[in-house]
Amino acid sequence: MSTLKDSLTADMRAALKARDELTTSTLRMALAAIGTAEVAGKTKRELSDDEVLAVLTKESKKRREAATAFAEAGRDEQAAKERAEGEILDRYLPKQLDDAELAELVAVALAEGGFNGMGQMGPAMKAAQAAVAGRAEGGRVAAEVRRQLAAT
């Protein structure tokens with residue numbers, strides 16, 4: 001079992017003993033998503049820490065999107081619950097890059113690959129995603145790559 005998954009399980013048990021319902025339910029949901037990812041495909045397998053991080057990132061993004069949707073619909077209580085769940089998941093994710101750090105990493109990746117012009121968006125995105133290594137959402141990375149490629 002991956003160490004991150006072990007940590008999630010241990011934290012869920014601690015939250016259960018502490019009767020912290022929000023943390024317990026959030027971590028149960030995350031572990032269920034990890035379990036679903038493990039059985040996806042032809043054979044069951046253990047996920048690596050990087051794969052577990054990818055699942056947690058996806059779940060955290062779902063929470064942010066749901067919170068926005070609930071807030072726009074005037075369901076503030078449900079939006080607050082979704083935000084709280086997202087914050088719990090964010091504890092297990094690497095610190096997100098700010099805009100300046102993201103711009104710098106993308107600029108370095110584009111310079112190293114010699115990418116210029118929007119026609120090279122695909123390969124440029126691949127290089128930028130590798131440089132960022134999960135510390136920023138794909139949409140933010142794509143926007144920055146697009147901005148820098150358009151400037152060349």
Side-chain angles (χ1 to χ4, degrees), residues 1-110 113 121-149:
M1 199 186 299
S2 71
T3 56
L4 183 56
K5 186 176 174 186
D6 291 337
S7 174
L8 287 166
T9 304
D11 290 351
M12 188 209 41
R13 288 184 180 140
L16 189 62
K17 289 178 183 176
R19 299 189 187 280
D20 182 348
E21 291 179 19
L22 180 65
T23 303
T24 302
S25 67
T26 302
L27 294 181
R28 272 190 181 146
M29 172 273 310
L31 288 167
I34 291 167
T36 301
E38 287 177 334
V39 298
K42 294 184 180 192
T43 59
K44 181 178 182 192
R45 63 188 183 87
E46 291 289 326
L47 297 181
S48 68
D49 273 351
D50 289 339
E51 292 168 320
V52 171
L53 272 176
V55 171
L56 290 178
T57 301
K58 186 192 250 183
E59 292 298 319
S60 180
K61 182 179 178 187
K62 284 182 189 176
R63 298 298 160 272
R64 279 193 303 280
E65 290 171 351
T68 302
F70 282 126
E72 289 173 357
R75 297 183 59 194
D76 296 331
E77 188 176 308
Q78 189 67 29
K81 180 179 183 272
E82 293 290 337
R83 275 190 219 97
E85 288 178 354
E87 289 170 8
I88 291 167
L89 293 174
D90 288 345
R91 294 180 205 161
Y92 300 95
L93 299 174
K95 180 185 165 287
Q96 295 292 297
L97 298 172
D98 63 28
D99 290 338
E101 293 169 324
L102 177 62
E104 183 180 327
L105 282 174
V106 168
V108 169
L110 295 180
M121 179 69 179
M125 266 302 291
K126 189 172 185 177
Q129 287 285 37
V132 170
R135 294 176 292 164
E137 284 184 13
R140 285 183 60 212
V141 175
E144 184 60 31
V145 169
R146 216 174 275 116
R147 185 186 71 76
Q148 289 190 21
L149 285 177

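The first residue in the sequence is number 1, and the count goes up from there.
For the atom pair OH of Y92 and CG of L27, the computed distance is 4.5 Å after rounding to the nearest 0.5 Å. A distance of 9.5 Å separates CZ of R75 from CD of E82, quoted to the nearest 0.5 Å. Atom CG in D50 sits 9.5 Å away from atom CG in L4 (nearest 0.5 Å). Separating the OG1 atom in T24 from the CZ atom in R28 is a distance of 6.5 Å, to the nearest 0.5 Å. Between atom CD1 of residue I88 and atom CG of residue L22 there is a gap of 4.0 Å, rounded to the nearest 0.5 Å. Between E144 atom CD and L149 atom CG the span is 10.0 Å, to the nearest 0.5 Å.
Within the 4.5 Å cutoff, the side chain of L102 has no heavy atoms near those of the Q96 side chain.
The nearest pair of heavy atoms linking A71 to A79 is N-CB, 3.7 Å. Taking all atoms of both residues into account, the shortest heavy-atom contact from S60 to L89 is N-CD1, 3.8 Å. Across T23 and A15, no two heavy atoms sit closer than the pair CG2-CB, 3.7 Å. In this structure, A131 and R135 approach most closely via the heavy-atom pair O-NH2, 3.5 Å. The two atoms that bring G138 and Q129 nearest to each other are CA-NE2, 3.7 Å, heavy atoms only. Shortest non-hydrogen contact noted between Q148 and A103 is NE2-O, 3.0 Å.
Between E87 and R83 no salt bridge is recorded (no basic side-chain N to carboxylate O distance below 4.0 Å). Taking a cutoff of 4.0 Å between a charged side-chain nitrogen and a carboxylate oxygen, R63 and E59 qualify as a salt bridge.
Side-chain contact, T3 with D49: a donor N or O sits under 3.5 Å from an acceptor N or O.
Surrounding CD of E101 are more than 12 heavy atoms belonging to other residues, nucleotides or ligands, all under 6.0 Å away.
The backbone N or O of S48 sits less than 3.5 Å from a side-chain atom of E51, completing a donor-acceptor pair.
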Audit row: V55, V52, side chain to side chain contact (heavy atoms under 4.5 Å, CB included) steps and yes/no: CA-CA 5 Å; V55 171; V52 171; 5.7 Å; no

